[in-house]
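Protein chains get the first letters and strands the later ones, always in sequence-line order, with residue 1 at the start of each. Excluded from the calculations below are hydrogen atoms, water molecules and symmetry mates; all remaining heavy atoms, backbone and side chain alike, are included. Bear in mind that the values here come from a model prediction, so they are computed numbers and not experimental data.
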Amino acid sequence: MEEFSHEFLEKIDERINEIRYNIKKARQIQAFIASKIKEKAIENFQIVAALDCSYFSNKIVTTIVIYDLINRRIIEERTKILNVNFPYIPTLLFLREGPYMVRMIKETKYSADVYLVDGHGRLHPYKAGLACYVGYLIEKPTIGVAKKKLIGEVKWINENIGNVIYENEILGKVVKVCNKEYYISVGNLIDLETCIKVFFSCIEGCHPYPLLKAHELATNTAKKLAKGI
DNA sequence: GCGACAG
DNA sequence: ATCTTGTCGC
Ligand SMILES: [Mg+2]
């Protein structure tokens, strides 16, 4: 299998025109990332960080919200506005949002025990969603949380939780919180069971609080851009 | 060929 | 994701 350096992967957006019309190369990158993903249980998680992106025109707004699960407080928030150059293509979201998220994490004052990404992790046709790209490059436990299913068949275990199976493998879980579904999957360095524990620890007022805040921050910033503020 | 399709 | 106000319902 072809190998790709962190340097190459982190700056993939700088050579996006080489990749843009070369789906085969994108699939090779995804196969490489998928081969590097590790799953393990983790015990202590107090600080979590949530990442999201929003858009206005050709601008991408990337946000991070770092949250203390014990004291129930946001300890850091950041927003960055840059140009986007890759379109949204299902299964290739990592090329559009991934590099911005990784850079955002590296600029942060605090480090988190677990990172939550708005998008799928291993619950992806090549087992290499956006959260896997981010988790592989930051080398920290990372979870993918998506609001809609990309692939797989749901097998409900009970009213509020189910497995999502793809090609005879459990690649993710679906959980219902206040009647709303979330698809959870491994990004990197954490196992699916721990992903579920972390996700539920984040729930506050019917929402995965840090992700909601990151989403609001990104959306509100994009709306201000639209108004010319 | 047709339909599905994270954000 | 974004374009968009008020309005229906728990
Ligand atoms: Mg998003």
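Atom-to-atom, CD1 of Ile151(A) to P of dA6(B) comes out at 12 Å; the value is rounded to the nearest Å. Whole-Å rounding puts the Leu93(A) CG to dG7(B) C1' distance at 5 Å. The nearest whole Å value for the distance from the NE2 atom in His120(A) to the P atom in dC5(B) is 10 Å. What separates CG of Leu211(A) from C1' of dG7(B) is a distance of 13 Å, to the nearest Å.
In terms of modelled atom types and a separation under 3.5 Å, the side chain of Arg78(A) and the main chain of Ile66(A) share no donor-acceptor contact. In this structure, Gln30(A) contributes its side chain and Thr91(A) its backbone to a donor-acceptor pair below 3.5 Å. No donor-acceptor distance shorter than 3.5 angstrom exists from the side chain of Asp191(A) to the backbone of Glu39(A), with no hydrogens or angles considered. At distances below 3.5 Å, not a single donor-acceptor pair connects side-chain atoms of Arg122(A) with backbone N or O atoms of Lys127(A). When atom types are taken as modelled, the side chain of Ser35(A) and the backbone of Phe32(A) share a donor-acceptor pair closer than 3.5 angstrom. A donor-acceptor pair under 3.5 Å is absent between the side-chain atoms of Asp13(A) and the main chain of Ile16(A), judged by distance alone.
Taking the six-membered ring where the residue is Trp, His6(A) and Tyr136(A) present tilted rings, their angle falling between 30° and 60°. Between Tyr183(A) and His120(A), the ring planes lie perpendicular to each other; the angle is over 60°, past the 30° to 60° tilted range.
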Between protein and nucleic acid, restricted to nucleotides 1-10 of chain C and to nitrogen or oxygen atoms under 3.5 Å apart, what atom pairs and distances do you find?
unit_1, atom_1, unit_2, atom_2, d
dA1(C), OP1, His215(A), NE2, 3.3
dT2(C), OP1, Ser54(A), OG, 2.3

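Nowhere does DNA chain B pair in an unbroken run of 3 or more (Watson-Crick or G-U, both distances under 3.5 Å). Stem list for DNA chain C (at least 3 consecutive Watson-Crick or G-U pairs, distances under 3.5 Å) is empty.
Scanning residues 167-201 of chain A for heavy-atom distances under 4.0 Å to DNA chain B yields an empty list.
Alongside Ile60(A), the hydrophobic cluster contains Tyr55(A), Leu82(A), Val84(A), Tyr100(A) (criterion: ILVMFWY side chains under 4.5 Å).
Salt bridge status for Glu10(A) with Arg103(A): absent, with no side-chain N to carboxylate O gap under 4.0 Å. A salt bridge is defined here as a Lys NZ or Arg NE, NH1 or NH2 lying under 4.0 Å from an Asp or Glu carboxylate O, and Lys11(A) with Glu14(A) fails to meet this definition. Note on Glu2(A) versus Lys25(A): salt bridge recorded, some NZ/NE/NH1/NH2 to OD/OE distance being below 4.0 Å.
If you check every strand for non-hydrogen atoms under 4.0 Å, Leu130(A) touches a base. If you check every strand for non-hydrogen atoms under 4.0 Å, Leu51(A) touches nothing.
Residue pairs that meet the salt bridge (Lys or Arg N to Asp or Glu O under 4.0 Å) test with at least one member in residues 51-72 of chain A, sequence neighbours left out, are Arg72(A)-Glu204(A).
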